[in-house]
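Structure first, then comments.
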Amino acid sequence: MNAFRLAGDITHLISILVLLLKIYATKSCSGISLKTQELYAVVFLARYLDLFTDFISVYNSVMKVVFILSSVAIVWCMRRHRAVKRSYDKELDTFRHYYLVGACFVFALLVHEKFTFQEVFWAFSIYLEAVAIIPQLVLLQRSGNVDNLTGQYVFFLGAYRALYILNWIYRYFTEAKFSRWIACISGLVQTALYADFFYYYFLSWKNNAKLNLPA
Amino acid sequence: AEEAAKHDEL
């Protein structure tokens, strides 16, 4: 495992910790899209079906379990916890995420590495992860200003994607037969979705001002 | 091993 990949996994982990911290410390999930969180829970559950069939490393298995449990816990909190539930911006979080799930599944049935149960679900999870951030970005755009922890959450998620791209570039040049075009193309699409957010995040950081997304 | 290594990323 190269440094980019490790840094990518760590920023991914940090993003989840930032989100858990926000929910736990403020007992509020305002600014967070439940739809995006639900999509991530589906992404991890669909992708890590191999948890019991293919052992790669302890690191790999532990991270998989952490991602599944944390994403399910976040969804559970936002739906069931009394105080957290109250702070949810339901009227702003109206993106129809079921369409994304349907479209990604159909796409996975058409484009996959192998037509097996696990491989189709793996491809599905890759496509769904690429677009899962959309409801969150739409919510931020609608609410206009973004609180610090929410901004940092999205920033770390974006950083994770960017580091994965560096990881693939590194692997492409260092590994003899490195080809994973499904993951790479989806990853590029996913990272591109963050470009706009990153632009405004950078501006607010440079001007030392609160993060504001123009409508 | 080849199969497993294919999805070695998270």
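All values below were derived from every heavy atom in this structure, side-chain atoms included, with hydrogens, water molecules and symmetry-related copies excluded. Each chain gets a letter, A, B and so on, in the order the sequences are listed, and its residues count up from 1.
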Query raised in the report: Taking 4.0 angstrom as the limit, do Arg180(A) and Glu175(A) come out as a salt bridge?
Result: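 The answer is no: the pair does not qualify as a salt bridge.
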
Query raised in the report: So, Asp93(A) and Arg142(A), do they make that salt bridge, N to O below 4.0 Å?
Result: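 The answer is no: the pair does not qualify as a salt bridge.
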
Requested in this report: Assess the side chains of Trp168(A) and Glu9(B): does a donor N or O sit below 3.5 Å from an acceptor N or O?
Outcome: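 Glu9(B) and Trp168(A) do have a side-chain donor-acceptor pair below 3.5 Å.
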
Requested in this report: For His7(B) and Glu119(A), test the side chains for any donor-to-acceptor distance below 3.5 angstrom and give the result as yes or no.
Outcome: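 Note: His7(B) and Glu119(A) side chains meet the donor-acceptor criterion.
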
Query - Which atoms of Asp9(A) approach chain B - backbone, side chain, both or neither, heavy atom under 4.5 Å - result: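 Just the side chain, heavy atoms under 4.5 Å.
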
Report task. Rounded to the nearest 0.5 Å, what's the gap from OG1 on Thr53(A) to CZ on Phe55(A)? Could you check? Result ->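 Spacing of OG1 (Thr53(A)) from CZ (Phe55(A)) equals 12.5 Å.
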
**Report entry** Asn60(A) CG to Leu10(B) CG distance, which is reported to the nearest 0.5 Å
**Finding:**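 CG of Leu10(B) is found 5.0 Å from CG of Asn60(A).
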
Query raised in the report: Hey, which residues of residues 12-20 of chain A are touching chain B, say heavy atoms under 4.5 Å apart?
Result: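 Within residues 12-20 of chain A, no residue comes under 4.5 Å of chain B, counting heavy atoms only.
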
Query - Residues of residues 36-49 of chain A with any heavy atom under 4.5 Å of a heavy atom in chain B - result: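 At a heavy-atom separation under 4.5 Å, chain B is reached by Arg47(A), Tyr48(A).
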
Query raised in the report: Which class fits the ring pair Phe121(A) and Phe117(A): parallel under 30°, tilted 30 to 60°, perpendicular over 60°?
Result: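 Answer is tilted, since the angle falls between 30° and 60°.
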
Query raised in the report: Is Tyr24(A) atom OH crowded by more than 12 heavy atoms from other residues, nucleotides or ligands, each under 6.0 Å away?
Result: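 Atom OH in Tyr24(A) is not crowded, with 12 or fewer foreign heavy atoms closer than 6.0 Å.
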
Query raised in the report: Under the ring pair (Phe, Tyr, Trp, His ring centres under 6.0 Å) test, which residues partner Trp76(A), sequence neighbours left out?
Result: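 Here no residue qualifies.
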
Query raised in the report: What pairs of residues pass the salt bridge (charged side-chain N to carboxylate O under 4.0 Å, His left out) test when at least one of them lies in residues 158-170 of chain A, not counting sequence neighbours?
Result: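 The answer is Glu129(A)-Arg161(A).
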
